[in-house]
2 protein chains.
Amino acid sequence: ENAEISGIAFQTDQTKVTFTAVEDTPGIASKILGPLSELDMKVDVIVQNVGIEGKTDFTFTIATEEKSLLDEAINNIQKSINYKEVIIDDEIAKVSIVGVGIRSHAGVAAKAFQALSENEINIGMISTSEIKLTLVIEKDDLEKAVKVLHDIFELDK
Amino acid sequence: ENAEISGIAFQTDQTKVTFTAVEDTPGIASKILGPLSELDMKVDVIVQNVGIEGKTDFTFTIATEEKSLLDEAINNIQKSINYKEVIIDDEIAKVSIVGVGIRSHAGVAAKAFQALSENEINIGMISTSEIKLTLVIEKDDLEKAVKVLHDIFELDK
Ligand SMILES: C[C@@H](O)[C@H](N)C(=O)O
Ligand SMILES: C[C@@H](O)[C@H](N)C(=O)O
C-alpha cells in the first residue's frame, strides 16, 4: 500500500472507564462529558460504537494520575443517566500507528492486526482517524506490541 | 479551554458496516480487515469498544461507491469468524471537529455533545484522536450538525 508509516506511539499512564448499556439517545454523551469537563479531567480516547436495541457502551480514557477524581465524576454522571455498570481498568496501554494515508488503507490495519494476533495480543479497543490507528491493549502486552509493529512496518531500518 | 478548533469537516459518501457480537479474542480484527484489504476496499473509520463477556461489536466505514464489494467481503469474513449479525447502513454522515489540543480537553467534547443534544441530534459513533473528534450521525442531521458546531465554536467569525 502507499501509506507512509511514520512511527509507533504509545502511552501507559491511562485508565479506561466504560459505562455499559447507556441509552443511545441524544444527551447521553453530553451528560458523561459535562461532569468530566467540569472537573477539568484530561480525557484522551473516547470510543462509542453503534447502538443495538437502543443501548450502547461508552468508553473514555483519562490520565491515571486523575483516577482520584473518578468517584466524584461517576457520582455526578449517575445522577443524570442510566447505565448497567461502570468498568474501570488501569491496566491498559494505548498504542498508535501514525502515518499519512492510513485512511483508506485497509492494508495498514490488516497488517497491524495480523501481526498482533500472531503474537496473541488481544486488541481491546480500536479508534481511527486519517493519520492514526489507535489501539488499546493490555499494559503487559505493550512491549511486545511495539516491537512487533516496528518490525512489520520496518521502522528500524 | 485552550483548544484551538480549526474547523468542522464532514463526509456523506460512506456506509457503515457492523459485525455484532464477535469474539473478543486475538485474530478477529485481522480476519475482518484481511478480506477488506484483499479487495482493496477504502476503509476509513474503524471503531471497536471493549469486550463484555467475551464479545464485542466491530464497525468500519467504507466508501459507499464500493458497497457492491460488500457481499464478497462479508462472504469471505464469515468463513472465518462467528458473529450475531451484520448491520449495513448507508444513511450516515461523518462529522469531525478538527483542532489542536482536542486531546485532554474534555471541554471541547462536552461543548460539542451538548450542542448536538440540544438540537436532538443523536451521536451514533464516537472515535477520537489528539487532533480530531470524529462522530458518525444520521445523514439527515448533517446540515444542522455542521451549522450548530460552527456556531458554538464560533468558526464563522
Ligand atoms: C450514546 C450517546 O452518544 C447518545 N447517542 C448521544 O447522542 O448522546
Ligand atoms: C475484537 C477483536 O479486536 C479482537 N479483540 C482481536 O484482537 O482481534
Side-chain angles (χ1 to χ4, degrees), chain A residues 1 16 18 20 24-34 36-52 56-60 63 87 89 96 103-107 109-111 113-114 116-117 119-134 136, chain B residues 1 16 18 20 24-34 36-52 56-60 63 87 89 96 103-107 109-111 113-114 116-117 119-134 136:
Chain A
E1 66 285 313
K16 76 167 154 68
T18 303
T20 67
D24 183 22
T25 52
I28 301 303
S30 175
K31 287 169 180 167
I32 294 172
L33 264 294
L36 300 177
S37 163
E38 279 152 27
L39 288 167
D40 245 332
M41 294 178 80
K42 292 193 184 61
V43 174
D44 182 13
V45 179
I46 305 173
V47 164
Q48 177 209 306
N49 209 338
V50 298
I52 306 280
T56 189
D57 302 324
F58 195 102
T59 300
F60 55 89
I87 303 168
D89 179 5
S96 302
R103 176 184 159 214
S104 301
H105 284 105
K111 202 167 171 176
F113 297 166
Q114 180 173 14
L116 294 172
S117 79
N119 287 274
E120 292 298 316
I121 294 168
N122 195 51
I123 299 164
M125 292 169 65
I126 302 170
S127 172
T128 54
S129 79
E130 277 111 10
I131 57 164
K132 193 188 278 203
L133 174 58
T134 295
V136 169
Chain B
E1 66 283 314
K16 76 167 153 68
T18 303
T20 67
D24 182 22
T25 52
I28 301 302
S30 175
K31 287 171 180 167
I32 295 172
L33 264 294
L36 300 177
S37 164
E38 280 152 29
L39 288 167
D40 246 332
M41 293 178 79
K42 293 193 183 61
V43 175
D44 182 12
V45 178
I46 305 172
V47 164
Q48 177 208 307
N49 209 337
V50 298
I52 306 282
T56 189
D57 301 324
F58 195 102
T59 300
F60 55 89
I87 303 167
D89 179 5
S96 302
R103 177 184 158 213
S104 302
H105 285 105
K111 202 168 170 175
F113 296 166
Q114 181 174 13
L116 294 172
S117 78
N119 287 274
E120 293 297 316
I121 294 168
N122 195 52
I123 299 163
M125 291 169 65
I126 303 169
S127 172
T128 53
S129 78
E130 276 110 10
I131 57 164
K132 192 187 275 202
L133 174 57
T134 295
V136 170

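In what follows, every chain begins at residue 1, and chains take the letters A, B, ... in the order their sequences are listed.
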Please classify the contact between [X] and chain A as side chain, backbone, both or neither, with a heavy-atom cut-off of under 4.5 Å.
| X | value |
| --- | --- |
| B:F58 | both |
| B:T18 | side chain |
| B:I87 | side chain |

Self-check item: Derivation of the side-chain contact (heavy atoms from CB on, under 4.5 Å) call for B:V47 and A:V47
Solution: CA-CA 7 Å; B:V47 164; A:V47 164; 3.8 Å; yes

Which of [options] touches chain B most, by non-hydrogen pairs under 4.5 Å:
| options | answer |
| --- | --- |
| A:L133, A:T128, A:I121 | A:T128 |
| A:I123, A:D89, A:D24 | A:D24 |
| A:N122, A:L39, A:L36 | A:N122 |
| A:G124, A:G27, A:A63, A:G34 | A:G124 |

Note: vs chain A, highest number of non-hydrogen pairs under 4.5 angstrom among B:G51, B:P26, B:A109, B:A110 is B:P26

Looking only at B:Q48, B:Q114, B:K16, B:E120, most heavy-atom pairs under 4.5 Å shared with chain A are made by B:Q48

Sorted by chain and residue number, the side chain to side chain contact (heavy atoms under 4.5 Å, CB included) partners of B:S96 (sequence neighbours excluded) come out as B:A9, B:K94, B:V98, B:K132, B:T134

Rounded to the nearest 0.5 angstrom, the CG-OG1 distance for A:N49 and B:T59 is 3.5 Å

Rounded to the nearest 0.5 Å, the CZ atom of B:F113 sits from the CD1 atom of A:I32 at a distance of 9.0 Å

The interface call for A:T56 against chain B, heavy-atom contacts under 4.5 Å, is neither

On a heavy-atom basis, the closest approach of B:A106 and A:M41 is CB-O, 3.7 Å

For B:S117 and A:S30, the nearest pair of non-hydrogen atoms, with its separation, is OG-CB, 4.1 Å

How about B:I52 and A:T20: do any of their side-chain heavy atoms sit closer than 4.5 Å?
yes

Sorted by chain and number, sequence neighbours left out, side-chain hydrogen bond (donor to acceptor under 3.5 Å, both in side chains) with A:D57 holds for none

